Amino acid sequence: EVQLVESGGGLVQAGGSLRLSCATSGFTFDDYAMGWFRQAPGKEREGVSCISSKMGLTYYGDSVKGRFTISRDAAKNTVYLQMNALKPEDTGVYYCARLKKEILLASSWMFGGRYDYWGQGTQVTVSS
């Protein structure tokens with residue numbers, strides 16, 4: 001059974017940092033690209049970042065470039081999202097997701113329909 005479990009969310013002041021983790025199981029981690037999404041109340045889900053399966057290619061949404069860093073640890077089957085210089089507009093529920101076993105493209109990683117499994121989400125709240 002494929003499982004994705006996020007952790008690391010919380011309440012932080014603007015300018016602070018958080019590191020989210022997504023522990024995975026039930027599939028061969030090295031074979032899949034992984035992504036992070038977020039959803040704020042009343043807003044559409046937004047693609048935050050994605051990392052390829054083996055070559056370490058990374059992609060970021062424009063709103064987080066230069067502040068967030070995605071990484072993965074094959075030994076732990078875990079993907080991370082380091083979030084620095086947080087802003088109130090970063091508030092939302094953050095989800096990790098597994099990209100379907102298809103070619104990762106810079107033009108489409110941010111579309112939720114490209115992903116087949118999702119975690120339950122972790123809340124991030126940034127106060128001003």
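These figures come from a predicted structure and were not determined experimentally.
- Here W36 and F68 keep their ring centres 6.0 angstrom or further from each other.
- Contact check on K100 versus D116 returns no salt bridge, with no Lys/Arg side-chain nitrogen under 4.0 Å from an Asp/Glu carboxylate oxygen.
- Following chains of ILVMFWY side-chain contacts shorter than 4.5 Å, one can reach V2 starting from I51, so the two form part of one hydrophobic cluster.
- Other residues, nucleotides and ligands contribute at most 12 non-hydrogen atoms within 6.0 Å of the NZ atom of K76.
- Side-chain rings of Y117 and F27 stay apart, their centers remaining 6.0 Å or farther from each other.
- Linking Ile, Leu, Val, Met, Phe, Trp and Tyr whenever their side-chain heavy atoms come within less than 4.5 Å puts L57 and Y115 in one cluster.
- Under the 3.5 Å distance criterion, with hydrogens and angles disregarded, no donor-acceptor pair is assigned to the side chains of D73 and T78.
- Remark: S108 OG to Y59 OH distance equals 9.0 Å, nearest 0.5 Å.
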Side chain to side chain contact (heavy atoms under 4.5 Å, CB included) between I70 and V79, intermediate numbers included: CA-CA 7 Å; I70 191 171; V79 61; 4.0 Å; yes
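- Note on residues 58-90: no pairs pass disulfide bond (SG atoms under 2.5 Å apart), not counting sequence neighbours.
- The heavy-atom pair separating V93 from G121 by the smallest distance is CG1-CA, 3.8 Å.
- Between L99 and L104, some side-chain heavy-atom pair lies under the 4.5 Å cut-off.
- In this structure, R45 fails the cation-pi test against Y95, since its NZ or CZ atom is not both closer than 6.0 Å to the six-membered ring centre and inside 45 degrees of the ring normal.
- Within the cation-pi definition used here (under 6.0 Å to the ring centroid, within 45° of the axis), R72 qualifies as a partner of F29.
- You'll find the side chain of L20 reaches within 4.5 Å of the side chain of Y94, heavy atoms only.
- L105 and W109 fall into different hydrophobic clusters, where Ile, Leu, Val, Met, Phe, Trp and Tyr residues are linked whenever their side-chain heavy atoms come under 4.5 Å apart, directly or through other members.
- In terms of heavy atoms, S127 sits closest to L11 at CB-CD1, 4.4 Å.
- Residues W118 and M110 share a hydrophobic cluster, clusters being chains of Ile/Leu/Val/Met/Phe/Trp/Tyr side chains in contact below 4.5 Å.
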message: Evaluate D31 against S53 for side-chain hydrogen bond (donor to acceptor under 3.5 Å, both in side chains), listing each step before the verdict.
response: CA-CA 6 Å; D31 286 350; S53 57; over 6 Å; no
query: Is there a side chain to side chain contact (heavy atoms under 4.5 Å, CB included) between R67 and Y60 once you walk through the steps?
result: CA-CA 10 Å; R67 300 187 298 121; Y60 297 94; over 6 Å; no
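- Once rounded to the nearest 0.5 Å, the distance linking CG of D62 with CD of E46 reads 9.5 Å.
- Applying the side chain to side chain contact (heavy atoms under 4.5 Å, CB included) criterion to V126, with sequence neighbours excluded, gives V12, A14, L86, P88, D90, T91, V124.
- A side-chain donor-acceptor contact under 3.5 Å links S63 and R38.
- F37 and L81 fall into different hydrophobic clusters, where Ile, Leu, Val, Met, Phe, Trp and Tyr residues are linked whenever their side-chain heavy atoms come under 4.5 Å apart, directly or through other members.
- Residues E6 and Q120 form a side-chain contact, since some pair of their non-hydrogen atoms from C-beta on lies under 4.5 Å apart.
- Expressed to the nearest 0.5 Å, how far OG of S17 lies from CD of Q82 amounts to 5.5 Å.
- Taking the ring centre of Y32 as origin, the terminal cationic atom of R98 falls inside the region bounded by 6.0 Å and 45° from the ring axis.
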